[in-house]
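Here the structure is laid out as structure tokens; the discussion comes afterwards.
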Amino acid sequence: MAENSHSEKESAATDQVGAAHVTTTSEPVATEPLKYVESTSGDSGRSRSGSDSEEKKTRLAAHRTTTQATTTSTFTTETRSIVQPKEKKPWYRNLNPLKWGKEPPVPKERIVSREYGANFFSMLTFQWMAPLMATGYQRTLELNDIWLVNPNRSADVLSAKLKLSFHKRVARGDKYPLLWALHETFKFEFWLGAVCSLTASIFQVLSPFTLKYLIAFATDAYYAKKNGQPAPNLGRGFGFVVGITAMQMLQSLGTNHFIYRGFMVGAQTRGVLITVIFEKAMRLSGRAKAGGRAIAVGGAQEQGSNDDAKDNARAKEGFFKRRLNKKLHPKGGPIVTADKARGVAGDGVGWANGRVVNLMSTDTYRVDQASGMFHLIWTSPVAILITLALLLVNLTYSALAGFGLLVIGLPVLTKAIKTLFVRRRAINKVTDQRVSLTQEILQAVRFVKYFGWESSFLERIREIRLREIRAIQVLLGIRNAINAVSMSLPIFASMLSFITYSLSKHVLDPAPIFSSLALFNSLRMPLNLLPQVIGQVTDAWASMGRIQEFLLAEEQKDDFIWDMEGKNAVVVEHADFTWERTADADPDKIGPKGKKEAKDTKHAQKAAKKSGNAVAEAVVVSTSSDGTDSTSTITQVEPFKLRGMDFTVGRNELLAVIGGVGSGKSSLLAALAGDMRRTSGQITMGATRAFCPQYAWIQNATVKENILFGKDYDRKWYDEVVDACALRPDLEMLPAGDLTEVGERGITVSGGQKQRLNIARAIYFNSDIVLMDDPLSAVDAHVGRHIFDNAICGLLKDKCRILATHQLHVLSRCDRIIWLQEGHIETIDTFDNLMRHNEGFQKMMATTAQEEKVEEEENVNEDEVENEKKDQKQRKQAKRGAALMQQEERAVKSVGWEVYSAYIRASGSILNGPLVFALLVLTQCGNIATSLWLSYWTSNKFGYSEGQYIGVYAALGVTQALLMFAFSLSLSILGTTASRVMLNRAMTRTLRAPMSFFDTTPLGRITNRFAKDVDIMDNNLSDAMRMYFMTLAMIVAVFALIITFFHYFGIALGPLFVMFVFSAGYYRASAREVKRHEAVLRSVVFARFSEAVSGTASIRAYGLENHFVRVMLDSIDQMNSAYYLTFSNQRWLSVRLDAIGNILVFVTGVLVVTSRFNVSPSIGGLVLSYILSIVQLIQFTVRQLAEVENAMNATERIHYYGTQLDEEPPLHLAEVRDSWPEKGEIVFEDVQMRYRAGLPLVLQGLNITVAGGERIGVVGRTGAGKSSIMSTLFRLVELSGGSISIDGVNIATVGLQDLRSRLAIIPQDPTLFKGTIRSNLDPFNEHTDLELWSALRQSDLIDADANVDDKSHGRIHLDGVVDEEGLNFSLGQRQLMALARALVRGSQIIVCDEATSSVDMETDQKIQRTIATGFKGKTLLCIAHRLKTIINYDRICVMDQGRIAELDTPLALWEKGGIFRGMCERSGITRTDFDEMAL
């Protein structure tokens, strides 16, 4: 158990954005809040890939909707759950009286938690939870049923308290300001929990000890009856029974309140820490983000630092302290030393966005976890010492023998558990490998299908999976052995003590023996929990260190001079600015810092690629998005700086900022927005500012909220802004107008719409200074003109506008122009003066005019628009699908039996179930037999010698431990085997699913099944089952034992059992829903947090930090409203089940007292010691059942993918001759195709015959059906009518694998997989190295004279490593590799979705050359983007609205003067071009 929780934590640490966002509404959620809430190792792979952005759309019923008129899919929210039609219940379901009567209505508004103002008794028994539990039992809980947080527990109140205390302590120079500030904030509840914990611990020990007197009473009575003496008074016996029951009751209440208070303090701490971390993130300086600190030069601090010496000393003291803790907590932070050589201080680790989000998701969670059971750290040892004292009273020095075994055993076990962590880490690596491979395959699934490579990838996954499962089986085997030993330790300890006691000439008297047995049993809980709690607390301590370090980091200073009355809006005097060096200590986790600079860097990369200069490219690629170096391997690149900025801007002037790529335009605007650090000079601002960054930062909120951005709504002004930004048509197309929700990171709106929202926000803010960073780059030309006329020169005409732009045609309308070069001002002047006197400017304007023309021409047939539409189409379908899936798959009821039987079958055979069950029964028999033998021994039932009793007793003990190990091991091995088989099935079925499935299912959801759900099946399911079955079997065995000797117990057990089953069902009904709401609300907090952290630049520029903090506080309270209830409903259940257990103790006690004459006291002792040990187990069983159910939900979802998904037609059908297709003739006959049933036809009666070896270019407007032809040829989509045949064979009669492996495609986006160049060109190993090498040579990736074995640095060779998505190669190289891949195939038919739109001219010519020579004599179908490339093809096919509009040779079409001629003219192609091409 300890290992389980630890592995969870460990993996959470590897997860950047914390998979805590992962739970979707369609997923049933763990009912016990403290397990599996945080990330599990599988997630780490996913969260890095970012696909969980889909996953986080956890609104209760979210529909994305679209209309025909728009390409934009959007997101509207409704907070109702999906309402299922009411089904008629069978008669026997109506027998439950608690479900009679009307369902309680859903409240109109939420009320404050009833805990606030509940009376003492209600608080003691958690009765205040009853109304919620009752509602939850009668109907599904809605959000309005969930009570609001107590006012005194709101994040606002608590964080204010914490901040006050923290700042006071920091100013005083305390050692651990955060720890003591938290203590001051929560001390009452914290120490209340401590008192409860101590009370519970003491009573837990005292009731087994009092047992001794009850047994002694029964013994006296038994022997008095036997010997005919007067029996002791019955009242005394009853007194003991009442005493023991009362102690148990107090212990139960103590434990429940200790756990409740502990977890509540944890949850509140987490909420408060998230708040203060968020506030700090809003104010964190760029330098702290980059891991630097101000460095003292010759005694003077560098300007711009707000660290005074005292601060520095204190920070250092914190670090030295952490150094001391380094031994204890290796996770603590490093000591910071100033690196004078590089002129920077600090450790370079920095606080990139990823790290900050990690603090919020992982570190606060660890603190939360640790405070739950924190007090056990000191109360457990107290209980153990008291137990030892009482054992010494009972057994004299013999107790030390058993105790010695425990003392020796525990450290050994702890050490063994440590080895598990090492193994777990190794397994996590393999799991990450599998998850990222799965992720890669799913992202490129269309491509995998084109090439018919499904089976190759499945094989690779199978191989990794086998390694993973084997490692997991070894790990679980060791863990089971440890568990068997730790479960048996108390048994062996008691055995050792009793044997010693017996051998040291003592008579085995039932009273001390069974009292001691109960005492040894009571040690089981503290001993098992202690290592786990210690682990949690050390983790939390390291996390506290990190959080404290973050809270003490440097804050951004507002060093502008604000002069609201000044003549000018902006005055910059001799100012220098710098970006920070990137945090270089951990390049993997670094997020972009200066977003403004990102574009400059991007262009620099492009430029480097064009020049083909590998070195230049390497340097640029290593540059992070703020123009600074993010890896320490390459020489440290100086951060980008602006030097000698000196200019003024009038109050209603329009100032343009121009300059080449990387000249610092974005940086200048960032400096004015306060995002760049000023190192000298000064800036005076004459008014408030609004900022429109280049990369629009869009919130996951409604369109309207994105525009208002925290301002009040002014209808008239809002309408003007919307019209000026050309947003009106977009709003009309959106399903809910401006109330439509925008997906996360603006994912549901197009780039142009994002940018226009960005501009609208800046204008609506109504500041007098508006900074705009190239806002027109992402919008169409005519929209750009509209915005320039109506917004920039319209609504904003009386404001100060500073516009960085690439679009030089707008310069003539600007008042003045700043021309930047390499971070300094080249010149400032009006447009006319520059045109007259500045030669450089004239040249630049001349090239612009040409570029403008080229751009216009390229836009005509630019398929990017098509891609966007395709994406949008897929997205809208995806979202519509998502809504359907959520309806179909959200498991409301428990898992069906067919899933359990499928799970057992997957483990190898249906007989495995009975086998495991038999082992379980044997284990319990062994357990009972051991104790029964002890009772026979104490009463000397068989009259054997001492030695015989001891021998049998020891043998039974060992057998029981071995059986327990066998049971656990068989369960683990069969469970992991089942999970391997089920995943394999699901993966195969998913890859064989038709494309429509991938279009309508968010990638995040599929990955989530293959990461998180599989992880639960591998690591948690068999554990949860083992614990559930063991505890259940133990309870059943004890009851059976009691009934054997005390028949009347059966009568009491009946009604109590009914109550037990009923409470459990009652609890689970509401617990599941509360947990689901908590998961949904938590993902909102996580999403808002990471969103705001990535948008700090915008938030600061607008000065809206406080607004966002308020929103955050609100979300945290929303999350906690459900989170707190998860604890109280558990306690509600525990108090009631403990009460039932205590009634059982009372009944047993009474039975022992009343039947004291006819049942041997040793049997009475045995029964009493057992019943005491299982009281705790009763509630544990219910919770374990919930745990098993949740884990089985994961199995159900994997099972669904493995059995229910649609499949494509089979891979192999009839035999196909090896040489097919010989000629490559393709005949399309009356082909009709629609993407899915219910959608319109995309191809309408297509007829065309392509002769073998013919080259055909396919052109047409966006959406004309060009790509659809390819989809039909590869049978990605089946035809709705007509047929396609290749060389006389109808492709519908050919298996998909056979068909796709005989065709080759050069796709639009060159997809590469992680691996080597060889595995990318030939994943099946079907070709020789020589063939692969010649393909690389033909595609111009290597020189003609390169040698196969030449692996010199920088050369491309077959074993060269390919990173994920091939990102270590330039786009041009990837494109050429896709070409090489098609050449390797050697197919007779090549389809080229010609993606040269994204390559420079040089690469384009290479590709064209290779296509002309390498594919000579083969049939070529080419979707053209640049008409120039296909005007020398044999024929051109012009598509229009799914039909062929024109089909002839290029020249004939040109002379005919139709659509094709028009396209040529727009692209500037003349008659002479045809003649040149012909030559």
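The basis for the numbers below is simple: all heavy atoms, side chains too, and nothing from hydrogens, waters or symmetry mates.
Residues Val533 and Val537 meet the side-chain proximity criterion, which asks for heavy atoms closer than 4.5 Å. Side-chain contact between Leu162 and Leu182 is present, with heavy atoms from C-beta onward closer than 4.5 Å. The shortest distance between side-chain heavy atoms of Asp363 and Leu273 does not fall below 4.5 Å. In this structure the side chain of Met1119 never reaches within 4.5 angstrom of the side chain of Val1084, judged on heavy atoms. For the pair Ile259/Phe1127, no side-chain contact is recorded, criterion being any heavy-atom separation below 4.5 Å from C-beta on. Contact of the Phe190 side chain with the Thr185 side chain is not registered, since no non-hydrogen atoms from C-beta on lie closer than 4.5 Å. Counting only heavy atoms from C-beta outward, the side chains of Tyr176 and Arg169 never approach each other to under 4.5 Å. Contact check for Leu376 versus Phe258: side-chain heavy atoms found under the 4.5 Å cut-off.
A side-chain donor-acceptor contact under 3.5 Å links Ser159 to the backbone of Asp156. Looking at Arg678, its side chain never comes within 3.5 Å of a backbone N or O of Ile683 through a donor-acceptor pair. Side-chain atoms of Glu580 never come within 3.5 Å of backbone atoms of Arg677 as a donor-acceptor pair (strictly under, hydrogens ignored). Using a distance-only test at 3.5 Å, with no hydrogens or angles considered, no donor-acceptor pair links the side chain of Gln369 to the main chain of Tyr365. A donor-acceptor pair under 3.5 Å links the side-chain atoms of Asp1117 to the main chain of Ala155, judged by distance alone. Between the side chain of Lys280 and the backbone N or O of Ile547 there is no donor-acceptor pair closer than 3.5 Å. Listed for the Gln536 side chain is no donor-acceptor partner under 3.5 Å among the backbone atoms of Arg366. A donor-acceptor pair is defined here as one N or O able to donate and one able to accept, closer than 3.5 Å; such a pair exists between the side chain of Arg1100 and the backbone of Met282. Judged by distance alone, with hydrogens and angles left aside, the side-chain atoms of Arg287 form no donor-acceptor pair with the main-chain N or O of Glu554 at under 3.5 Å. Checking side-chain atoms of Thr364 against main-chain N and O of Arg270 turns up no donor-acceptor pair under 3.5 Å.
One side chain, Glu184 or Ser165, offers a donor N or O that lies under 3.5 Å from an acceptor on the other. Between the side chains of Thr379 and Ser197, at least one donor N or O sits under 3.5 Å from an acceptor N or O.
Annotation: the span from Leu284 atom CG to Gln556 atom CD amounts to 8.0 Å, rounded to 0.5 Å. Rounding to the nearest 0.5 Å places CG of Leu642 at 8.5 Å from CG of Asp576. A distance of 4.5 Å separates CE in Met360 from CZ in Phe1086, rounded to the nearest 0.5 Å. In this structure, the separation between CZ on Arg153 and CZ on Phe186 is 9.5 Å, given to the nearest 0.5 Å. The CZ atom of Phe1089 sits 7.5 Å away from the CD1 atom of Ile274 when rounded to the nearest 0.5 Å. Distance check: Thr1096 OG1 to Phe278 CZ gives 9.5 Å after rounding to the nearest 0.5 Å.
Pairing each heavy atom of Gly266 with each of Ser371, the nearest pair is CA-OG, 2.7 Å. Closest approach of Ala1097 to Asp675, counting heavy atoms only: CB-OD2, 3.6 Å. In terms of heavy-atom proximity, Val367 sits nearest to Ala540 at CA-CB, 4.0 Å. Smallest separation of non-hydrogen atoms from Ser1090 and Val357: CB-CG2, 3.9 Å. Here the closest heavy-atom approach between residue Leu1081 and residue Ser1121 is recorded as CD1-OG, 4.4 Å. Residues Trp697 and Ser1094 come closest through the heavy atom pair NE1-OG, 3.6 Å.
Taking the charged nitrogens against the carboxylate oxygens, Asp174 and Arg172 do have a contact shorter than 4.0 Å, which makes a salt bridge.
Taking a 6.0 Å sphere around NZ of Lys168, one finds it holds more than 12 heavy atoms contributed by other residues, nucleotides or ligands.
For Arg261, the salt bridge (Lys or Arg N to Asp or Glu O under 4.0 Å) partners at least two apart in sequence or on another chain are Glu189.
Ring orientation note: the planes of Trp562 and Phe560 are tilted relative to one another, at an angle of 30° to 60°.
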Query raised in the report: Hey, mind stepping through Asp563 and Thr684 against side-chain hydrogen bond (donor to acceptor under 3.5 Å, both in side chains) and telling me if it holds?
Result: CA-CA 7 Å; Asp563 176 14; Thr684 310; over 6 Å; no
Report task. Would you sort out whether Asp368 and Tyr1123 count as a side chain to side chain contact (heavy atoms under 4.5 Å, CB included), showing the intermediate values? Result -> CA-CA 12 Å; Asp368 173 6; Tyr1123 193 35; 2.5 Å; yes
Query - Full working for side chain to side chain contact (heavy atoms under 4.5 Å, CB included) between Leu552 and Phe166 - result: CA-CA 10 Å; Leu552 291 171; Phe166 181 67; 4.1 Å; yes
Requested in this report: Evaluate the side chain to side chain contact (heavy atoms under 4.5 Å, CB included) criterion for residues Asn353 and Lys289: first the C-alpha distance (whole Å), next the side-chain angles of each, then the deciding distance (0.1 Å), finally the verdict.
Outcome: CA-CA 8 Å; Asn353 294 350; Lys289 247 185 182 182; 3.5 Å; yes
**Report entry** Audit row: Val356, Ile277, side chain to side chain contact (heavy atoms under 4.5 Å, CB included) steps and yes/no
**Finding:** CA-CA 8 Å; Val356 177; Ile277 289 170; 4.2 Å; yes
Which atom pairs, one a donor and one an acceptor, fall under 3.5 Å between side chains of residues 1102-1112 and the rest of the protein, sequence neighbours left out?
| from | atom 1 | to | atom 2 | distance (Å) |
| --- | --- | --- | --- | --- |
| Tyr1102 | OH | Phe691 | O | 2.9 |
| Tyr1102 | OH | Ala762 | N | 3.4 |

